[in-house]
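Working notes, structure below.
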Amino acid sequence: MLYLYDGSLDVPTILKDWYESEANSNYGAYIPFVGTVRSEDEIDGLSFDIYEPILNKWFNDWQDKAKEKGAVIKMAHSRGDVMLHESSYIAAVFSPKRRVALEFIDEFVEDFKASAPIWKYDLKDGQRVYALDRSTAIKGSGLLS
Amino acid sequence: MLYLYDGSLDVPTILKDWYESEANSNYGAYIPFVGTVRSEDEIDGLSFDIYEPILNKWFNDWQDKAKEKGAVIKMAHSRGDVMLHESSYIAAVFSPKRRVALEFIDEFVEDFKASAPIWKYDLKDGQRVYALDRSTAIKGSGLLS
Amino acid sequence: MVKVEFLGPIQKEPLELDITNLNELATILQDDPQMKEWLENSAVAVNDTLVSSRDFALKDGDKVALLPPVCGG
Amino acid sequence: MVKVEFLGPIQKEPLELDITNLNELATILQDDPQMKEWLENSAVAVNDTLVSSRDFALKDGDKVALLPPVCGG
């Protein structure tokens with residue numbers, strides 16, 4: 001349950017579809033995390049590259065971890081340009097009980113930031129500038145240096 | 001931003017309204033927590049009593065705490081009966097950055113469970129039975145015993 | 001007079017009492033067998049603010065509430 | 001032959017190299033001045049699985065990818 005979209009996400013529709021898709025699964029807790037492009041450093045928006053084969057593997061590993069705890073994860077992310085105040089990312093956990101969901105959404109979002117093969121660029125003055133200073137080297141980086 | 005409803009919550013509409021109400025507030029993270037009635041112990045649903053004056057004070061204290069960190073909290077809760085697989089509770093945090101939102105939603109939901117003056121009853125065989133075994137005595141209880 | 005309310009699942013009508021602090025209220029309620037269990041697990045609010053001392057002074061028109069264990073969500 | 005791809009912001013065309021492990025790839029890329037900074041902060045995947053040893057053996061048809069620092073969300 002990983003969904004990639006060209007451009008910004010239709011947040012209300014995605015949150016509704018996910019809620020309704022699990023309405024009869026007997027989960028007690030549903031916690032979406034929605035990431036929205038903030039106005040800072042005079043950017044016009046952000047742009048994203050995604051490497052799907054590794055993203056899919058990374059996501060499937062998390063889905064397996066969730067399953068062990070009786071939970072389910074869903075994630076949506078934008079490809080390409082997303083402008084100011086539009087949303088580019090939604091992750092959600094469903095679980096029977098609240099503690100699992102509260103802990104999982106935190107761990108998942110943090111690992112997503114540190115590991116998911118997605119590259120972010122600032123859109124500024126018509127340029128697409130790699131956001132190196134806000135990016136994180138994947139664990140094990142520097143192997144060939 | 002505390003909303004009480006008679007009966008179950010219209011989750012998609014509430015999540016959409018809240019998202020759109022803060023669309024231009026420059027928050028980077030929006031994390032709703034949705035609580036749904038699970039099928040267990042052969043209940044038909046749950047029912048809730050709320051004591052609003054103290055709930056409002058409790059909520060306003062949390063709103064002040066959120067404000068200090070540049071965040072905003074919204075909450076919706078049901079009064080009366082909510083049947084299986086319907087939702088009775090939504091809490092959401094908006095904040096500029098993700099760490100504040102992830103930590104706040106966890107602390108807020110846990111304190112809500114421990115302190116908010118709401119009483120839960122199981123609906124079972126046409127009866128409304130106080131869920132004492134799943135309830136938590138408010139801090140300082142036993143003062144008059 | 002002080003009004004005393006019993007919230008949520010406590011099935012008891014409100015009382016109007018001529019008392020000046022929570023110690024006096026405790027003495028009165030401890031004589032009510034129906035209240036024994038509730039006194040052990042209930043918190044107390046005066047004018048909708050939770051209080052933590054039985055010496056809390058009460059004045060004419062104050063409203064006391066007993067809050068049994070909660071479970072929202 | 002082993003195919004080497006440079007992901008995200010690394011502006012470099014894929015290479016087709018006749019190599020048998022990642023040590024040989026390191027030697028080749030270290031000679032490319034454009035790659036110096038990227039080698040320090042990039043992770044390495046073989047056939048879309050991240051690897052942690054330069055002794056990792058490569059065979060004909062393998063695909064190596066260099067992944068620079070990430071920032072999804």
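We name chains A, B, ... by the order of the sequence lines, and we start the count at 1 in each one.
Only the side chain of Glu20(A) comes within contact range of chain B, with at least one heavy atom under 4.5 Å from a heavy atom of that chain. In this structure, chain A has a heavy atom under 4.5 Å from the side chain of Tyr19(B), while its backbone stays farther away. Heavy atoms closer than 4.5 Å to chain A are found in both the backbone and the side chain of Ala29(B). Interface remark: Tyr27(B) contributes backbone atoms only to the contact with chain A (heavy atom separation under 4.5 Å). Of the atoms belonging to Glu103(B), not a single heavy atom falls under 4.5 Å from chain A. Of the atoms belonging to Ser25(B), not a single heavy atom falls under 4.5 Å from chain A. For Glu40(B), the part lying near chain A is the side chain, with the backbone staying farther off; criterion is any non-hydrogen pair under 4.5 Å.
The pair Asp49(B)-Arg128(B) meets the salt-bridge criterion, since a charged nitrogen lies less than 4.0 angstrom from a carboxylate oxygen. Between Glu107(B) and Lys65(B) there is no salt bridge, since no side-chain N of the basic residue sits under 4.0 Å from a carboxylate O of the acidic one. A salt bridge links Arg134(A) and Asp122(A); the closest N-O separation between the charged side-chain nitrogens and carboxylate oxygens is under 4.0 Å. The pair Arg98(B)-Asp106(A) fails the salt-bridge criterion, with no side-chain N (NZ, NE, NH1 or NH2) lying under 4.0 Å from an Asp/Glu carboxylate O.
Taking the six-membered ring for Trp and thresholds of 30 and 60 degrees, Phe94(B) and Tyr30(B) have nearly parallel ring planes, at less than 30 degrees apart.
Under a 3.5 Å cut-off, the side chain of Arg38(B) and the backbone N or O of Asn26(A) do form a donor-acceptor pair.
Here Pro96(A) is the residue among Gly35(A), Ala23(A), Pro96(A) with the most heavy-atom pairs under 4.5 Å with chain B.
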